[in-house]
Amino acid sequence: MGKDSLSIIDNRTDKTYELPLTNGNIRSMDLRQIKKDADDFGVMGYDPAFLNTASCQSKITYIDGDRGILRYRGYPIEELAEKCTFLEVAYLLLNGELPTAPELDAWVDLVTHHRMLHETTKAFLEGFRYDAHPMTMLISTVAALSTVYKDARNIFDLNSRRLNMVRLISKMPSMAAYAYRHSLGFPYVYPDDLLSYTENFMTMLFKMVEPKYVAHPVLARALDILFILHADHEQNCSTNVMRSVGSSQADPFVCTAAAAAALSGPLHGGANEEVLKMLDEIGTKANIPAFIDKVKTGKGKLMGFGHRVYKNYDPRARIIKWTADQVFAVTGKNPKLEIALELEKIALEDEYFVKRKLYPNVDFYSGIIYQAMGFRPEMFTVLFAIPRTVGWLAQWEELLTDPEQKIARPRQVYTGYEARTVVPIEERSQQPVAAL
Ligand code: CMC
(Lines give C-alpha, C1' and ligand atoms only; values in the text may rest on other atoms or scores of the structure.)
Protein backbone atom coordinates (compact mmCIF):
# COMPACT_ATOMS: atom_id res chain seq x y z
CA MET A 1 0.00 0.00 0.00
CA GLY A 2 1.53 3.35 -1.08
CA LYS A 3 1.69 6.41 1.13
CA ASP A 4 -0.86 9.27 0.93
CA SER A 5 1.74 11.75 -0.25
CA LEU A 6 3.47 13.07 -3.32
CA SER A 7 7.27 13.24 -3.70
CA ILE A 8 8.66 16.08 -5.77
CA ILE A 9 12.28 16.34 -6.87
CA ASP A 10 13.53 19.88 -7.52
CA ASN A 11 16.01 19.32 -10.36
CA ARG A 12 17.56 22.76 -9.67
CA THR A 13 18.75 21.68 -6.24
CA ASP A 14 18.34 17.88 -6.31
CA LYS A 15 16.27 18.18 -3.14
CA THR A 16 13.24 15.93 -2.62
CA TYR A 17 10.05 17.14 -0.92
CA GLU A 18 7.21 15.02 0.37
CA LEU A 19 3.83 16.73 0.16
CA PRO A 20 0.88 15.18 2.02
CA LEU A 21 -2.27 14.39 0.04
CA THR A 22 -5.65 15.12 1.63
CA ASN A 23 -8.68 13.81 -0.26
CA GLY A 24 -6.21 13.16 -3.06
CA ASN A 25 -5.01 16.77 -3.31
CA ILE A 26 -1.92 18.70 -2.29
CA ARG A 27 -2.15 22.09 -0.61
CA SER A 28 -0.70 24.69 -2.97
CA MET A 29 0.92 26.41 0.03
CA ASP A 30 3.05 23.28 0.52
CA LEU A 31 4.76 24.09 -2.78
CA ARG A 32 6.19 27.26 -1.31
CA GLN A 33 8.82 25.37 0.67
CA ILE A 34 10.37 24.37 -2.68
CA LYS A 35 12.99 27.07 -3.19
CA LYS A 36 16.14 27.50 -5.29
CA ASP A 37 17.82 29.27 -2.37
CA ALA A 38 16.87 31.08 0.84
CA ASP A 39 15.92 34.29 -1.05
CA ASP A 40 13.65 32.52 -3.50
CA PHE A 41 9.88 33.12 -3.03
CA GLY A 42 9.12 29.45 -3.60
CA VAL A 43 7.06 27.57 -6.18
CA MET A 44 3.43 28.53 -6.89
CA GLY A 45 0.83 26.91 -9.11
CA TYR A 46 -0.01 28.96 -12.24
CA ASP A 47 -3.65 28.30 -13.14
CA PRO A 48 -5.43 30.93 -15.26
CA ALA A 49 -9.22 30.52 -15.05
CA PHE A 50 -8.89 27.98 -12.18
CA LEU A 51 -8.77 24.96 -14.47
CA ASN A 52 -7.29 22.79 -11.73
CA THR A 53 -7.50 24.75 -8.49
CA ALA A 54 -9.94 24.01 -5.66
CA SER A 55 -10.58 27.21 -3.73
CA CYS A 56 -12.65 25.69 -0.93
CA GLN A 57 -13.98 22.55 0.66
CA SER A 58 -17.74 22.35 0.31
CA LYS A 59 -20.54 20.04 1.46
CA ILE A 60 -23.27 21.61 -0.68
CA THR A 61 -23.22 20.38 -4.27
CA TYR A 62 -21.50 17.42 -5.92
CA ILE A 63 -20.86 17.20 -9.66
CA ASP A 64 -19.23 14.35 -11.55
CA GLY A 65 -18.80 15.94 -14.95
CA ASP A 66 -17.63 12.80 -16.73
CA ARG A 67 -20.63 10.79 -15.61
CA GLY A 68 -23.19 13.63 -15.82
CA ILE A 69 -24.08 13.53 -12.10
CA LEU A 70 -25.42 16.46 -10.06
CA ARG A 71 -26.44 16.18 -6.41
CA TYR A 72 -27.50 18.76 -3.81
CA ARG A 73 -26.47 17.69 -0.30
CA GLY A 74 -26.24 14.12 -1.59
CA TYR A 75 -29.66 13.98 -3.28
CA PRO A 76 -29.71 13.38 -7.08
CA ILE A 77 -31.09 16.36 -8.99
CA GLU A 78 -33.53 14.07 -10.83
CA GLU A 79 -35.18 12.99 -7.55
CA LEU A 80 -35.35 16.52 -6.17
CA ALA A 81 -36.93 17.80 -9.40
CA GLU A 82 -39.51 15.03 -9.31
CA LYS A 83 -40.42 14.99 -5.61
CA CYS A 84 -39.74 18.44 -4.12
CA THR A 85 -40.73 22.06 -4.47
CA PHE A 86 -38.19 24.80 -5.06
CA LEU A 87 -38.55 26.15 -1.51
CA GLU A 88 -38.00 22.65 -0.09
CA VAL A 89 -34.79 22.43 -2.11
CA ALA A 90 -33.81 25.93 -0.99
CA TYR A 91 -34.21 24.78 2.63
CA LEU A 92 -32.06 21.74 1.87
CA LEU A 93 -29.27 23.78 0.29
CA LEU A 94 -29.21 26.28 3.14
CA ASN A 95 -29.63 23.87 6.07
CA GLY A 96 -28.10 20.63 4.84
CA GLU A 97 -31.25 18.49 5.35
CA LEU A 98 -34.69 18.30 3.77
CA PRO A 99 -37.35 19.93 5.98
CA THR A 100 -40.01 18.03 7.93
CA ALA A 101 -43.61 19.10 7.15
CA PRO A 102 -43.77 21.64 10.07
CA GLU A 103 -40.29 22.95 9.19
CA LEU A 104 -41.35 23.44 5.57
CA ASP A 105 -44.55 25.25 6.60
CA ALA A 106 -42.59 27.62 8.82
CA TRP A 107 -39.99 28.20 6.07
CA VAL A 108 -42.61 28.89 3.38
CA ASP A 109 -44.38 31.31 5.75
CA LEU A 110 -41.13 33.11 6.43
CA VAL A 111 -40.20 33.47 2.74
CA THR A 112 -43.76 34.54 1.88
CA HIS A 113 -43.77 37.18 4.61
CA HIS A 114 -40.70 38.99 3.22
CA ARG A 115 -41.75 39.34 -0.45
CA MET A 116 -42.78 42.97 -0.18
CA LEU A 117 -40.30 45.57 -1.43
CA HIS A 118 -39.64 48.88 0.25
CA GLU A 119 -41.41 51.61 -1.74
CA THR A 120 -38.08 53.31 -2.49
CA THR A 121 -37.36 50.37 -4.82
CA LYS A 122 -39.85 51.88 -7.25
CA ALA A 123 -37.87 55.10 -7.17
CA PHE A 124 -34.61 53.25 -8.00
CA LEU A 125 -36.34 51.69 -10.98
CA GLU A 126 -37.82 54.96 -12.17
CA GLY A 127 -34.23 56.12 -12.72
CA PHE A 128 -33.69 53.58 -15.49
CA ARG A 129 -34.47 54.24 -19.13
CA TYR A 130 -37.56 52.52 -20.52
CA ASP A 131 -35.38 50.12 -22.56
CA ALA A 132 -32.92 49.16 -19.78
CA HIS A 133 -32.11 45.43 -19.71
CA PRO A 134 -34.03 43.72 -16.84
CA MET A 135 -30.90 41.83 -15.74
CA THR A 136 -28.92 45.04 -15.33
CA MET A 137 -31.83 46.61 -13.46
CA LEU A 138 -31.97 43.57 -11.19
CA ILE A 139 -28.23 43.70 -10.45
CA SER A 140 -28.43 47.39 -9.51
CA THR A 141 -31.63 47.01 -7.50
CA VAL A 142 -30.22 44.13 -5.43
CA ALA A 143 -27.18 46.26 -4.61
CA ALA A 144 -29.44 49.20 -3.76
CA LEU A 145 -31.32 47.08 -1.18
CA SER A 146 -28.14 47.25 0.88
CA THR A 147 -29.05 50.91 1.50
CA VAL A 148 -32.41 49.82 2.91
CA TYR A 149 -31.19 46.96 5.16
CA LYS A 150 -28.14 48.38 6.89
CA ASP A 151 -28.24 45.58 9.48
CA ALA A 152 -27.08 43.29 6.66
CA ARG A 153 -23.53 44.28 7.56
CA ASN A 154 -23.79 42.18 10.75
CA ILE A 155 -22.76 39.10 8.83
CA PHE A 156 -21.39 37.26 11.88
CA ASP A 157 -24.64 37.66 13.82
CA LEU A 158 -26.51 34.47 12.93
CA ASN A 159 -30.01 35.97 13.31
CA SER A 160 -29.23 39.04 11.27
CA ARG A 161 -27.42 37.01 8.61
CA ARG A 162 -30.29 34.55 8.26
CA LEU A 163 -32.89 37.33 8.16
CA ASN A 164 -31.10 39.03 5.29
CA MET A 165 -30.66 35.75 3.44
CA VAL A 166 -34.44 35.23 3.67
CA ARG A 167 -35.04 38.80 2.53
CA LEU A 168 -32.93 38.16 -0.56
CA ILE A 169 -34.61 34.87 -1.45
CA SER A 170 -38.07 36.39 -0.92
CA LYS A 171 -37.47 39.66 -2.71
CA MET A 172 -35.55 38.46 -5.79
CA PRO A 173 -38.75 37.51 -7.65
CA SER A 174 -40.39 40.78 -6.59
CA MET A 175 -37.43 42.81 -7.87
CA ALA A 176 -37.28 40.76 -11.07
CA ALA A 177 -41.00 41.34 -11.68
CA TYR A 178 -40.66 45.07 -11.02
CA ALA A 179 -37.72 45.30 -13.44
CA TYR A 180 -39.74 43.47 -16.09
CA ARG A 181 -42.83 45.62 -15.61
CA HIS A 182 -40.69 48.74 -15.74
CA SER A 183 -39.25 47.67 -19.10
CA LEU A 184 -42.81 47.29 -20.43
CA GLY A 185 -44.10 50.50 -18.86
CA PHE A 186 -46.66 48.53 -16.84
CA PRO A 187 -47.65 49.31 -13.22
CA TYR A 188 -46.02 47.16 -10.55
CA VAL A 189 -48.05 44.35 -8.99
CA TYR A 190 -47.72 43.75 -5.24
CA PRO A 191 -47.04 40.24 -3.92
CA ASP A 192 -49.94 38.01 -2.90
CA ASP A 193 -49.38 35.98 0.27
CA LEU A 194 -51.91 33.33 -0.72
CA LEU A 195 -49.81 32.19 -3.66
CA SER A 196 -46.82 29.86 -3.90
CA TYR A 197 -43.34 31.18 -4.75
CA THR A 198 -43.69 30.67 -8.52
CA GLU A 199 -47.44 31.42 -8.76
CA ASN A 200 -46.87 34.71 -6.97
CA PHE A 201 -43.93 35.54 -9.27
CA MET A 202 -45.98 34.81 -12.39
CA THR A 203 -48.80 36.97 -11.04
CA MET A 204 -46.42 39.86 -10.33
CA LEU A 205 -45.14 39.56 -13.91
CA PHE A 206 -48.23 38.89 -15.97
CA LYS A 207 -51.29 40.29 -14.13
CA MET A 208 -53.05 42.96 -16.18
CA VAL A 209 -56.50 44.35 -15.37
CA GLU A 210 -58.26 41.07 -14.59
CA PRO A 211 -59.51 40.93 -10.96
CA LYS A 212 -57.54 37.74 -10.32
CA TYR A 213 -54.67 36.39 -12.41
CA VAL A 214 -54.37 32.62 -12.07
CA ALA A 215 -51.07 31.07 -13.13
CA HIS A 216 -51.55 27.79 -15.02
CA PRO A 217 -50.60 25.07 -12.47
CA VAL A 218 -48.56 23.11 -15.03
CA LEU A 219 -46.58 26.22 -15.95
CA ALA A 220 -46.08 27.21 -12.31
CA ARG A 221 -44.79 23.70 -11.53
CA ALA A 222 -42.54 23.78 -14.62
CA LEU A 223 -41.05 27.06 -13.42
CA ASP A 224 -40.60 25.53 -9.95
CA ILE A 225 -38.68 22.61 -11.51
CA LEU A 226 -36.54 24.99 -13.57
CA PHE A 227 -35.77 26.90 -10.36
CA ILE A 228 -34.71 23.63 -8.66
CA LEU A 229 -32.35 22.84 -11.55
CA HIS A 230 -30.74 26.28 -11.37
CA ALA A 231 -30.45 26.55 -7.58
CA ASP A 232 -26.76 25.69 -7.21
CA HIS A 233 -23.86 24.44 -9.29
CA GLU A 234 -20.84 24.49 -6.95
CA GLN A 235 -17.85 26.69 -7.84
CA ASN A 236 -18.88 28.31 -11.13
CA CYS A 237 -18.00 31.86 -12.20
CA SER A 238 -20.77 33.67 -10.27
CA THR A 239 -20.43 31.54 -7.13
CA ASN A 240 -16.72 32.20 -7.15
CA VAL A 241 -17.54 35.93 -7.30
CA MET A 242 -20.02 35.55 -4.42
CA ARG A 243 -17.35 33.88 -2.31
CA SER A 244 -14.62 36.27 -3.40
CA VAL A 245 -16.61 39.43 -2.62
CA GLY A 246 -17.98 37.78 0.52
CA SER A 247 -14.45 37.07 1.70
CA SER A 248 -13.95 40.83 2.15
CA GLN A 249 -16.91 40.67 4.60
CA ALA A 250 -19.16 42.80 2.36
CA ASP A 251 -22.91 42.50 3.04
CA PRO A 252 -24.98 39.82 1.26
CA PHE A 253 -26.89 42.31 -0.94
CA VAL A 254 -23.78 43.69 -2.62
CA CYS A 255 -22.23 40.20 -2.79
CA THR A 256 -25.35 38.94 -4.56
CA ALA A 257 -25.31 41.91 -6.95
CA ALA A 258 -21.69 41.08 -7.83
CA ALA A 259 -22.53 37.40 -8.35
CA ALA A 260 -25.52 38.36 -10.53
CA ALA A 261 -23.23 40.59 -12.61
CA ALA A 262 -20.96 37.59 -13.20
CA LEU A 263 -23.99 35.50 -14.13
CA SER A 264 -25.14 38.02 -16.74
CA GLY A 265 -22.25 37.33 -19.14
CA PRO A 266 -23.00 35.32 -22.31
CA LEU A 267 -20.61 32.52 -21.38
CA HIS A 268 -22.46 31.96 -18.09
CA GLY A 269 -26.15 32.62 -17.32
CA GLY A 270 -26.48 35.04 -20.23
CA ALA A 271 -26.15 32.05 -22.57
CA ASN A 272 -29.89 31.24 -22.42
CA GLU A 273 -30.74 34.59 -24.04
CA GLU A 274 -27.95 34.06 -26.61
CA VAL A 275 -29.36 30.63 -27.54
CA LEU A 276 -32.64 32.26 -28.57
CA LYS A 277 -30.80 34.88 -30.63
CA MET A 278 -28.81 32.08 -32.29
CA LEU A 279 -31.96 30.08 -33.11
CA ASP A 280 -33.50 33.24 -34.60
CA GLU A 281 -30.36 33.81 -36.66
CA ILE A 282 -30.42 30.22 -37.96
CA GLY A 283 -34.10 30.64 -38.84
CA THR A 284 -34.80 27.28 -40.52
CA LYS A 285 -33.51 23.72 -40.31
CA ALA A 286 -32.02 24.07 -43.78
CA ASN A 287 -29.57 26.68 -42.48
CA ILE A 288 -28.18 24.45 -39.71
CA PRO A 289 -25.31 22.80 -41.65
CA ALA A 290 -23.98 26.22 -42.75
CA PHE A 291 -24.22 27.47 -39.15
CA ILE A 292 -22.36 24.43 -37.80
CA ASP A 293 -19.63 24.94 -40.44
CA LYS A 294 -19.28 28.55 -39.30
CA VAL A 295 -18.86 27.46 -35.66
CA LYS A 296 -16.28 24.85 -36.66
CA THR A 297 -14.18 27.44 -38.42
CA GLY A 298 -14.10 29.50 -35.22
CA LYS A 299 -16.69 32.09 -36.32
CA GLY A 300 -18.96 32.07 -33.28
CA LYS A 301 -20.01 29.42 -30.82
CA LEU A 302 -22.85 27.01 -30.55
CA MET A 303 -24.48 28.74 -27.58
CA GLY A 304 -25.93 26.42 -24.94
CA PHE A 305 -23.26 23.82 -25.72
CA GLY A 306 -20.14 22.93 -23.77
CA HIS A 307 -19.27 23.13 -20.11
CA ARG A 308 -16.12 23.42 -18.04
CA VAL A 309 -17.09 20.47 -15.85
CA TYR A 310 -19.60 18.35 -17.80
CA LYS A 311 -17.91 16.27 -20.46
CA ASN A 312 -21.14 14.32 -20.81
CA TYR A 313 -24.81 15.27 -21.17
CA ASP A 314 -25.68 17.93 -18.56
CA PRO A 315 -28.25 16.12 -16.34
CA ARG A 316 -30.20 19.37 -16.02
CA ALA A 317 -30.65 19.56 -19.81
CA ARG A 318 -32.25 16.10 -19.75
CA ILE A 319 -34.82 17.17 -17.10
CA ILE A 320 -35.45 20.41 -18.99
CA LYS A 321 -36.33 18.43 -22.12
CA TRP A 322 -38.89 16.46 -20.09
CA THR A 323 -40.28 19.70 -18.59
CA ALA A 324 -40.53 21.17 -22.10
CA ASP A 325 -42.98 18.44 -23.09
CA GLN A 326 -45.23 19.32 -20.13
CA VAL A 327 -45.10 23.03 -20.98
CA PHE A 328 -45.71 22.57 -24.70
CA ALA A 329 -48.76 20.41 -23.96
CA VAL A 330 -50.25 23.59 -22.45
CA THR A 331 -48.78 26.34 -24.61
CA GLY A 332 -48.33 24.57 -27.94
CA LYS A 333 -44.86 23.87 -29.31
CA ASN A 334 -42.36 26.66 -29.63
CA PRO A 335 -41.40 26.43 -33.33
CA LYS A 336 -37.76 26.93 -32.32
CA LEU A 337 -37.79 23.51 -30.66
CA GLU A 338 -37.55 21.76 -34.03
CA ILE A 339 -34.44 23.76 -34.92
CA ALA A 340 -32.90 23.12 -31.49
CA LEU A 341 -33.53 19.37 -31.66
CA GLU A 342 -32.03 19.16 -35.15
CA LEU A 343 -29.07 21.31 -34.09
CA GLU A 344 -28.45 19.01 -31.13
CA LYS A 345 -28.71 15.88 -33.31
CA ILE A 346 -26.24 17.17 -35.87
CA ALA A 347 -23.83 18.51 -33.24
CA LEU A 348 -23.83 15.27 -31.24
CA GLU A 349 -22.78 13.34 -34.36
CA ASP A 350 -20.24 15.86 -35.65
CA GLU A 351 -16.58 15.01 -35.00
CA TYR A 352 -15.76 18.61 -33.91
CA PHE A 353 -18.23 18.45 -31.01
CA VAL A 354 -17.69 14.75 -30.23
CA LYS A 355 -13.90 15.19 -29.98
CA ARG A 356 -14.27 18.16 -27.64
CA LYS A 357 -17.02 16.44 -25.60
CA LEU A 358 -19.43 19.32 -26.20
CA TYR A 359 -22.98 18.48 -25.10
CA PRO A 360 -26.07 20.65 -24.56
CA ASN A 361 -25.93 22.43 -21.21
CA VAL A 362 -28.73 23.79 -18.99
CA ASP A 363 -29.12 26.89 -21.15
CA PHE A 364 -29.77 25.12 -24.45
CA TYR A 365 -33.45 24.30 -23.89
CA SER A 366 -34.44 26.55 -20.97
CA GLY A 367 -34.98 29.64 -23.15
CA ILE A 368 -37.29 27.76 -25.51
CA ILE A 369 -39.49 26.81 -22.56
CA TYR A 370 -39.38 30.27 -21.03
CA GLN A 371 -40.41 31.81 -24.35
CA ALA A 372 -43.33 29.40 -24.68
CA MET A 373 -44.39 30.39 -21.14
CA GLY A 374 -44.57 34.02 -22.21
CA PHE A 375 -41.21 35.38 -21.02
CA ARG A 376 -39.27 37.71 -23.27
CA PRO A 377 -35.61 36.69 -23.93
CA GLU A 378 -34.25 39.61 -21.84
CA MET A 379 -35.83 37.93 -18.80
CA PHE A 380 -34.12 34.56 -19.23
CA THR A 381 -30.99 35.35 -17.22
CA VAL A 382 -33.12 37.02 -14.55
CA LEU A 383 -34.97 33.69 -14.29
CA PHE A 384 -31.61 32.04 -13.67
CA ALA A 385 -30.56 34.58 -11.01
CA ILE A 386 -33.68 34.12 -8.85
CA PRO A 387 -33.08 30.48 -7.86
CA ARG A 388 -29.28 30.76 -8.00
CA THR A 389 -29.51 33.33 -5.20
CA VAL A 390 -30.18 30.37 -2.88
CA GLY A 391 -26.99 28.61 -3.99
CA TRP A 392 -24.96 31.81 -3.74
CA LEU A 393 -26.19 32.37 -0.19
CA ALA A 394 -25.57 28.77 0.88
CA GLN A 395 -22.01 29.03 -0.47
CA TRP A 396 -21.54 32.46 1.10
CA GLU A 397 -22.59 31.21 4.54
CA GLU A 398 -20.35 28.17 4.17
CA LEU A 399 -17.46 30.53 3.43
CA LEU A 400 -18.20 32.73 6.45
CA THR A 401 -18.32 29.75 8.80
CA ASP A 402 -15.21 28.05 7.39
CA PRO A 403 -12.27 28.77 9.71
CA GLU A 404 -9.80 28.09 6.89
CA GLN A 405 -11.11 30.88 4.67
CA LYS A 406 -9.59 34.35 4.51
CA ILE A 407 -9.92 37.30 2.17
CA ALA A 408 -9.55 35.98 -1.40
CA ARG A 409 -6.35 37.24 -2.88
CA PRO A 410 -4.82 35.36 -5.80
CA ARG A 411 -1.15 35.61 -6.69
CA GLN A 412 0.15 36.62 -10.11
CA VAL A 413 3.19 35.85 -12.20
CA TYR A 414 4.59 39.27 -13.07
CA THR A 415 5.83 39.43 -16.67
CA GLY A 416 6.24 43.23 -17.06
CA TYR A 417 9.25 45.54 -17.03
CA GLU A 418 12.04 45.47 -14.45
CA ALA A 419 12.35 48.73 -12.47
CA ARG A 420 12.98 51.78 -14.71
CA THR A 421 13.15 55.55 -14.20
CA VAL A 422 10.67 58.15 -15.44
CA VAL A 423 12.08 60.16 -18.38
CA PRO A 424 11.07 63.88 -18.29
CA ILE A 425 8.24 64.48 -20.79
CA GLU A 426 10.28 66.72 -23.11
CA GLU A 427 12.91 63.98 -23.49
CA ARG A 428 10.51 61.14 -24.28
CA SER A 429 10.35 59.72 -27.78
CA GLN A 430 7.22 57.99 -29.00
CA GLN A 431 7.29 54.31 -28.10
CA PRO A 432 4.98 51.63 -29.39
CA VAL A 433 2.24 51.36 -26.77
CA ALA A 434 2.67 48.17 -24.75
CA ALA A 435 0.01 45.60 -25.57
CA LEU A 436 -2.81 45.84 -23.05
N1 CMC B 1 -19.26 25.99 -29.50
C2 CMC B 1 -18.18 25.69 -30.23
N3 CMC B 1 -17.00 25.33 -29.72
C4 CMC B 1 -16.91 25.27 -28.39
C5 CMC B 1 -17.99 25.57 -27.55
C6 CMC B 1 -19.21 25.93 -28.15
N7 CMC B 1 -20.28 26.22 -27.40
N8 CMC B 1 -17.60 25.44 -26.27
C9 CMC B 1 -16.32 25.08 -26.30
N10 CMC B 1 -15.89 24.97 -27.58
C11 CMC B 1 -14.57 24.54 -28.02
C12 CMC B 1 -13.53 25.62 -27.76
O13 CMC B 1 -13.41 26.48 -28.86
C14 CMC B 1 -12.29 24.76 -27.55
O15 CMC B 1 -11.85 24.32 -28.80
P16 CMC B 1 -10.25 24.16 -29.09
O17 CMC B 1 -9.79 23.10 -28.15
O18 CMC B 1 -10.17 23.81 -30.51
O19 CMC B 1 -9.67 25.51 -28.77
C20 CMC B 1 -12.82 23.54 -26.80
O21 CMC B 1 -14.18 23.42 -27.22
C22 CMC B 1 -12.75 23.65 -25.29
O23 CMC B 1 -13.46 24.82 -24.89
P24 CMC B 1 -13.01 25.84 -23.78
O25 CMC B 1 -13.39 27.22 -24.22
O26 CMC B 1 -11.57 25.61 -23.43
O27 CMC B 1 -13.89 25.35 -22.58
P28 CMC B 1 -14.18 26.15 -21.25
O29 CMC B 1 -14.32 25.15 -20.20
O30 CMC B 1 -13.17 27.22 -21.03
O31 CMC B 1 -15.57 26.90 -21.55
C32 CMC B 1 -17.85 27.33 -21.76
C33 CMC B 1 -16.79 26.44 -21.12
C34 CMC B 1 -19.22 26.97 -21.17
C35 CMC B 1 -17.57 28.80 -21.43
C36 CMC B 1 -17.86 27.11 -23.31
O37 CMC B 1 -18.17 25.76 -23.58
C38 CMC B 1 -18.83 28.04 -24.01
O39 CMC B 1 -18.45 29.18 -24.32
N40 CMC B 1 -20.09 27.58 -24.30
C41 CMC B 1 -21.08 28.46 -24.91
C42 CMC B 1 -21.70 29.36 -23.86
C43 CMC B 1 -22.64 28.60 -22.95
O44 CMC B 1 -23.47 27.83 -23.37
N45 CMC B 1 -22.50 28.85 -21.64
C46 CMC B 1 -23.36 28.26 -20.60
C47 CMC B 1 -22.59 27.33 -19.73
S48 CMC B 1 -23.61 26.29 -18.69
C49 CMC B 1 -24.50 27.29 -17.63
C50 CMC B 1 -23.73 28.33 -16.92
O51 CMC B 1 -22.59 28.17 -16.49
O52 CMC B 1 -24.30 29.41 -16.73
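In each ligand, atom 1 is the first atom listed, and ligand 1 is the first ligand listed.
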Strictly under 6.0 Å, is that where the ring centroids of Tyr149 and Phe253 end up? yes
State the SG-CZ distance between Cys56 and Arg243, to the nearest 0.5 angstrom. 3.5 Å
Does some non-hydrogen atom of the protein lie less than 4.0 angstrom from atom 27 (O) of ligand 1? no
Quick check, are the ring centers of His307 and His233 under 6.0 angstrom apart? yes
Select one of side chain, backbone, both or neither to describe which atoms of Val362 lie under 4.0 Å from any atom of ligand 1, heavy atoms only. side chain
Given that the side chain starts at C-beta and the backbone is N, CA, C, O, which of these parts of Leu302 lies under 4.0 Å from ligand 1, counting heavy atoms, or is it both or neither? both
What part of Phe384, side chain, backbone, both or neither, has a heavy atom within less than 4.0 angstrom of ligand 1? side chain
Does any non-hydrogen side-chain atom of Leu223 lie less than 4.5 Å from one of Met202? yes
Heavy-atom distances under 4.0 Å decide this one: backbone, side chain, both or neither, for His307 against ligand 1? both
Counting heavy atoms under 4.0 Å, the part of Leu263 that contacts ligand 1 is neither
Just distances here: any N/O of His268 and N/O of ligand 1 closer than 3.5 Å? yes
Option passing ring-ring contact (aromatic ring centres under 6.0 Å, His included) with Tyr178 (candidates Phe128, Tyr188, Phe201): Tyr188
Would the Phe305 and Phe364 ring centres measure less than 6.0 Å apart? yes
Do any nitrogen or oxygen atoms of Phe305 lie less than 3.5 angstrom from nitrogen or oxygen atoms of ligand 1? yes
Flag Arg316 as yes when one of its N or O atoms lies below 3.5 Å from any N or O atom of ligand 1, and as no otherwise. no
Which is it for Leu267 and ligand 1 at heavy atoms under 4.0 Å: side chain, backbone, both or neither? both
Answer with yes or no whether the side chains of Gln235 and Gln395 bring together a donor and an acceptor at under 3.5 Å. yes
closest protein heavy atom to atom 15 (O) of ligand 1 is Arg356 NE, 3.2 Å
Any N or O on Leu358 sitting closer than 3.5 Å to an N or O of ligand 1? no
Indicate whether any N or O donor in one side chain lies under 3.5 Å from an N or O acceptor in the other, for Arg153 and Ser146. no
